[in-house]
Amino acid sequence: MPELPEVEIIKRSLLKMVIKAKIIDIKINNKNLRYKIPNNFSSSLIGEKILKIKRRSKYLIFCFKKKILLVHLGMSGKIFIIRKNYSTSFKKTFYHNINILEKHNHIYFKLNNGFYIIYNDVRRFGFLKLYKNTKIKQIPFLSKLGIEPFNKKFNQKYFQKFISDRKKNIKNLLLDQTFVSGLGNIYANEVLFESKISPLRGCKNLSKNEIRIIIKNIKKILKLSISKGGSSIKDFKDTKGISGKFQQFFKVYGRQNKNCSRVTCNNKIKKIKISNRSSYYCSECQS
DNA sequence: TTCTTTGTTCCGGA
DNA sequence: GTCCGGAACAAAGA
């Protein structure tokens, strides 16, 4: 699932390979993503040069001269950068030895530097939206977002001020994108495990030290994941290889009934639902 | 056929 | 007015 670290890795790959390139053709196989791709999508983008690529939370932002393309990968969205002759079928293409199923390649961007950008999405919960003559801060999806976790202003003072009149539990607080933007369910679980805090704790009852630890671990785990993801992409061997690498990294997510990752603990990881989202935690280590 | 998965939005109740 | 959580939504695989 693409969360902030995965999106950051994709952005870095794109920066290396397609920055300053011009879009010379677009092929749309399926318009029905989260939001339907409008009819003028291709004609609006063909001829445009990719001037900047940014990330905000889990959103990718492609900047053109007077247009912005906003991309959200949803649950299963992927972006492939590939060098391929347009006349050849993509059906049997391998990318880092991953077989790309043409069935789920919804949009191809052909660039003037020999590369294609492919938007692939099995579940089609992701979306691409084009904005004309709009500033990044004015885009509705981005204007409501809270602070980025790596921002220095995401600190103790900010945290304490935000929770002063909140009744939420800490798990829901971490998922609240107006509080901090970019944490998803997986990393919220991992951060709380690392911080030894129960996901059910009311955020108002957290001590100063616990808040300090949570902030530290958010930054630490996201950074670690970016470094792991970056290196593991190189090592991907096949689809099994991917899940293996990711599972290796998770200490609590998806580990219900398995032993707690802390060697000093003999407890089993519990799985509960908090606000309809799966929460994994150790009832011994996290309180 | 039903359940699960995600981020986002909407809505009713407090 | 604002906060909170539940439900709905998108699609597909198990």
Side-chain angles (χ1 to χ4, degrees), chain A residues 1-8 10 28-38 55-61 70-79 98-107 119-129 131 139-149 159-191 199-206 218 222 225 229 239-240 242-243 246-247 250 252-257 269-280:
Chain A
M1 278 141 283
E3 292 200 30
L4 186 151
E6 289 78 21
V7 177
E8 177 64 24
I10 292 168
I28 303 175
N29 283 346
N30 194 338
K31 291 181 177 179
N32 297 306
L33 303 179
R34 182 78 160 87
Y35 307 110
K36 194 169 183 179
I37 302 288
R55 178 193 61 75
R56 175 82 171 97
S57 184
K58 300 163 200 168
Y59 294 89
L60 269 176
I61 306 164
L70 186 71
V71 179
H72 193 286
L73 300 170
M75 275 179 69
S76 56
K78 294 179 181 67
I79 286 180
I98 304 167
N99 200 353
I100 301 175
L101 284 176
E102 189 179 44
K103 185 183 168 185
H104 301 303
N105 286 350
H106 304 310
I107 305 179
Y119 182 75
N120 175 296
D121 193 344
V122 174
R123 290 195 168 80
R124 287 195 265 141
F125 283 15
F127 67 81
L128 291 85
K129 263 192 184 274
Y131 296 88
I139 292 174
F141 291 96
L142 306 179
S143 61
K144 296 170 196 164
L145 290 175
I147 198 164
E148 284 278 323
F159 200 121
Q160 269 165 341
K161 195 182 172 192
F162 195 94
I163 64 173
S164 63
D165 53 353
R166 308 285 166 142
K167 292 170 187 167
K168 281 186 176 187
N169 60 52
I170 181 63
K171 171 80 189 308
N172 281 336
L173 181 76
L174 295 184
L175 291 177
D176 182 347
Q177 300 298 302
T178 67
F179 169 60
V180 60
S181 60
L183 270 186
N185 195 34
I186 293 172
Y187 291 101
N189 278 294
E190 294 296 323
V191 165
L200 295 164
R201 277 279 291 283
C203 62
K204 227 178 167 179
N205 301 325
L206 294 166
I218 288 172
L222 290 177
S225 178
T239 46
K240 282 178 189 173
I242 302 169
S243 57
F246 279 131
Q247 275 172 7
F250 298 141
V252 70
Y253 185 84
R255 291 179 49 84
Q256 70 271 26
N257 298 324
I269 298 298
K270 282 187 179 167
K271 180 186 181 183
I272 58 169
K273 290 269 183 183
I274 298 177
S275 297
N276 244 352
R277 290 283 180 268
S278 293
S279 292
Y280 303 87

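Nothing here was measured: the structure is a model prediction, and the numbers come from that model. First the proteins, then the strands, lettered A, B, ... as listed; each starts at 1.
The CG atom of A:Leu142 sits 10 Å away from the P atom of B:dT8 (whole-angstrom rounding). Protein atom CD1 of A:Ile274 is 13 Å distant from nucleotide atom P of B:dT5, rounded to whole Å. Atom pair A:Lys167:NZ and B:dG13:C1' shows a separation of 12 Å (rounding to whole Å applied). To the nearest angstrom, P of B:dT6 lies 5 Å from CG of A:Asn185. Spacing between atom CD1 of A:Ile163 and atom C1' of C:dC4 amounts to 16 Å, rounded to whole angstrom units. Counting to the nearest Å, the P atom of B:dT6 and the CD1 atom of A:Ile186 are 7 Å from each other. The interatomic distance linking A:Asn189 (CG) with B:dT5 (C1') rounds to 13 Å, in whole Å. The interatomic distance linking A:Arg34 (CZ) with B:dT8 (C1') rounds to 6 Å, in whole Å.
At the phosphate of B:dG7, OP1 or OP2 sits under 4.0 Å from a side-chain N or O atom of A:Lys58. Not one side-chain nitrogen or oxygen of A:Tyr187 sits closer than 4.0 Å to the OP1 or OP2 atom of B:dT6. Taking side-chain N and O atoms only, A:Tyr59 has a distance below 4.0 Å to OP1 or OP2 of B:dT8. A sub-4.0 Å separation between OP1 or OP2 of B:dT5 and a side-chain N or O of A:Ser76 is absent.
Applying the 6.0 Å contact sphere to NZ of A:Lys36 captures no more than 12 heavy atoms from other residues, nucleotides or ligands.
Note on A:Lys271: only backbone sugar-phosphate atoms sit closer than 4.0 angstrom, heavy atoms only; bases stay farther off. Across all strands, A:Lys273 comes closer than 4.0 Å only to sugar-phosphate atoms, never to a base (heavy-atom distances). Using a 4.0 Å heavy-atom cutoff across all strands shown, A:Asp121 reaches no nucleic acid atom at all.
Between A:Val122 and A:Asn276, the residue anchored closer to the 5' end of DNA chain C is A:Asn276, taking for each the nucleotide with the nearest heavy atom. The residue among A:Asp176 and A:Arg123 whose nearest nucleotide of DNA chain C is located toward the 5' end is A:Asp176.
Counting only N and O atoms by type, the side chains of A:Asn257 and A:Lys270 include no donor and acceptor under 3.5 Å apart.
In this structure, A:Arg55 fails the cation-pi test against A:Tyr59, since its NZ or CZ atom is not both closer than 6.0 Å to the six-membered ring centre and inside 45 degrees of the ring normal. Geometrically, A:Lys78 does not engage A:Tyr119 in a cation-pi contact defined by less than 6.0 Å to the ring centre and at most 45° from the axis.
The six-membered or imidazole ring of A:Tyr253 lies away from that of A:Tyr187, with a centre-to-centre distance of 6.0 Å or more.
Out of B:dT9, C:dG13, C:dC3, the shortest distance to the side chain of A:Lys144 is found at B:dT9. The side chain of A:His72 has B:dT8 as its nearest neighbour among C:dC4, C:dG13, B:dT8.
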